[in-house]
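Below, read A as the first sequence line, B as the second, and so on, with proteins coming before strands; counting in each chain starts at 1.
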Number of protein chains: 2
Amino acid sequence: MRKEIKKNTALELNPNVSVDCVIFGFDFDKLNVLVINRDYANGVQRALPGNLIYDDEHLDQAANRVLEELTGLQHIYLEQIGAFGDPQRISKESDRSWLQSIRAQPDARVITIAYFSFVKMEDYQPQASSFAKSAEWIPINDIKELAFDHYEILQAAKSRLKQMIKIRPIGFNLLPEKFTLSQLHKLYESILDKPLDKRNFRRKIQKLNIVMSLKEKQRGVPHKPSQLFMFDKDQYLRLMQNGFDNFGF
Amino acid sequence: MRKEIKKNTALELNPNVSVDCVIFGFDFDKLNVLVINRDYANGVQRALPGNLIYDDEHLDQAANRVLEELTGLQHIYLEQIGAFGDPQRISKESDRSWLQSIRAQPDARVITIAYFSFVKMEDYQPQASSFAKSAEWIPINDIKELAFDHYEILQAAKSRLKQMIKIRPIGFNLLPEKFTLSQLHKLYESILDKPLDKRNFRRKIQKLNIVMSLKEKQRGVPHKPSQLFMFDKDQYLRLMQNGFDNFGF
DNA sequence: GCTCTATGTGTCATTTTAACACTTTCAAAT
DNA sequence: ATTTGAAAGTGTTAAAATGACACATAGAGC
């Protein structure tokens with residue numbers, strides 16, 4: 001018998017449904033993703049933060065709870081990517097042996113609902129706990145494999161991010177309050193994974209009026225100091241409401 | 001005790017995960033959606049075709065199977081919309097009483113994975129079976145309520161369709177092999193839910209080279225007969241491969 | 001042959017895009 | 001004090017895309 005009898009208590013995990021989170025961060029040079037490391041027989045393996053949901057829990061809440069339990073990150077707006085449900089998605093040998101050490105029903109079919117978000121890296125210092133041995137930011141392009149089907153989920157998240165940047169001014173979430181246009185430019189290049197003409201980029205961004213130039217400049221840099229900017233929240237909200245559908249580079 | 005002991009046989013339904021399908025059709029005038037009718041104590045209620053998945057089944061396969069079982073539609077490319085997982089999503093009284101008549105574990109938490117697709121209405125005459133009393137095309141704008149959270153799912157599907165039409169030439173799937181530009185025009189207006197300038201629409205479509213004009217005209221219409229067109233499959237595939245991201249009306 | 005109805009067609013002003021190179025400002029090193 | 005290195009900042013032009021707009025045409029039914 002593989003499944004246990006399941007009582008209807010509020011705090012019971014649902015053995016068939018999990019959530020996984022892809023959290024993007026930007027270090028002014030490249031995109032990073034938040035991963036946890038877990039011990040297993042033959043070493044350490046990376047995975048996205050994720051776990052089973054409780055039976056009476058909203059999916060979105062579950063994603064937030066799990067993310068916090070494993071990495072300490074709180075109060076993050078997570079957006080659903082979709083469900084991943086290959087019946088074999090958790091049956092690699094390294095995954096199975098690990099599941100046996102942490103799950104009451106390690107052989108249950110599990111479908112997972114993936115979520116993603118993007119944050120200012122500086123604001124969130126990951127703090128591992130629960131079954132995560134550690135939690136850290138890893139450059140996206142350095143990731144060659146992950147547990148379960150998490151690599152596939154990561155690719156889906158990247159492609160959603162790429163789409164999303166064309167219809168929403170995402171920089172808001174990934175950059176600190178004050179930033180330079182070069183940093184924003186680099187962010188767009190990192191996400192779209194292609195070079196963008198500097199002058200055309202600046203023209204296009206400025207026409208949207210979502211950035212306001214401050215009276216302040218960078219200091220201590222060994223080159224011409226850059227103007228600092230902030231996002232204009234009102235203008236941002238106005239754009240979003242009018243269903244803004246062209247931010248295409 | 002709400003859940004039964006669950007054995008690990010291949011043909012067992014997973015009590016926690018279902019799929020639901022939103023199938024759009026176009027009758028040359030407006031968008032329709034395929035719904036099933038089910039009997040319950042106080043009458044008839046409409047629902048999207050959907051049901052539990054088997055424990056060893058891919059989600060996509062489950063969606064295809066369920067759609068066929070309930071409506072007879074086969075061989076349809078279904079695209080995932082996402083997961084819907086409100087813990088209360090199946091607890092309206094009318095839904096519960098109906099579930100008790102068809103489910104082994106009517107009180108289990110069920111999350112559903114929604115799929116959508118669009119077909120040529122003429123090619124698919126719905127044939128109800130299983131617990132569907134009937135299956136039929138209903139104009140989208142006539143639908144005011146559906147079972148469970150299906151109305152919400154329908155809205156999500158509509159909004160995905162609206163997005164998708166901006167990045168893919170969807171007419172391929174919704175129109176018969178030979179069609180007129182006016183029909184295509186009307187289709188775009190129905191999906192986008194706003195009028196589009198006739199001349200600008202025609203110019204834009206023709207520039208893409210995805211439609212080929214035939215040597216054939218409409219016959220028997222009480223007005224100037226329209227030129228017939230077909231889609232150019234090669235050009236379509238070429239466009240799709242190059243990641244075609246602007247079809248914006 | 002008259003009427004009704006949907007088809008089909010072109011222009012122009014405005015906006016958007018893509019391509020492209022040099023000067024400026026600061027810190028650090030000499 | 002001068003030089004050097006490194007990134008910031010800035011404008012023009014040609015080509016393409018967009019949006020607004022009105023009237024002649026072809027067939028069916030009477």
Does B/Tyr236 have its ring centroid less than 6.0 Å away from the ring centroid of B/Phe231? no

Mind calculating the distance between [atom1] ([X]) and [atom2] ([N]) to the nearest angstrom?
X        : N      : atom1 : atom2 : answer
B/Asp29  : C/dA6  : CG    : P     : 11 Å
B/Phe201 : C/dT9  : CZ    : P     : 14 Å
A/Leu208 : C/dT15 : CG    : C1'   : 15 Å

Remember a base hit wins even if backbone is also touched, and classify A/Lys207 as base, sugar-phosphate or nothing at under 4.0 Å, heavy atoms. sugar-phosphate

Donor + acceptor pair across side chains of B/Gln163, B/Arg160 (<3.5 Å): no

Are OP1 or OP2 of D/dT18 and a side-chain N or O of B/Lys204 less than 4.0 angstrom apart? yes

How would you list all residue pairs meeting ring-ring contact (aromatic ring centres under 6.0 Å, His included) that involve residues 121-141 of chain B, not counting sequence neighbours? B/Trp98-B/Phe131

Given the ring of B/Phe148, does B/Arg38 sit roughly above its face, with NZ or CZ under 6.0 Å from the centre of the six-membered ring and within 45° of the axis? yes

Closer than 3.5 angstrom, by distance alone: can the side chain of B/Lys120 be matched with the main-chain N or O of B/Leu175 as a donor-acceptor pair? yes

For B/Glu122, is the CD atom crowded, meaning more than 12 foreign heavy atoms sit under 6.0 Å from it? yes

Which nucleotides of nucleotides 5-13 of chain D have their base under 4.0 Å from a protein heavy atom (B), which only their sugar-phosphate (S), and which neither (-), written as one string 5' to 3'? BBBBBBB--

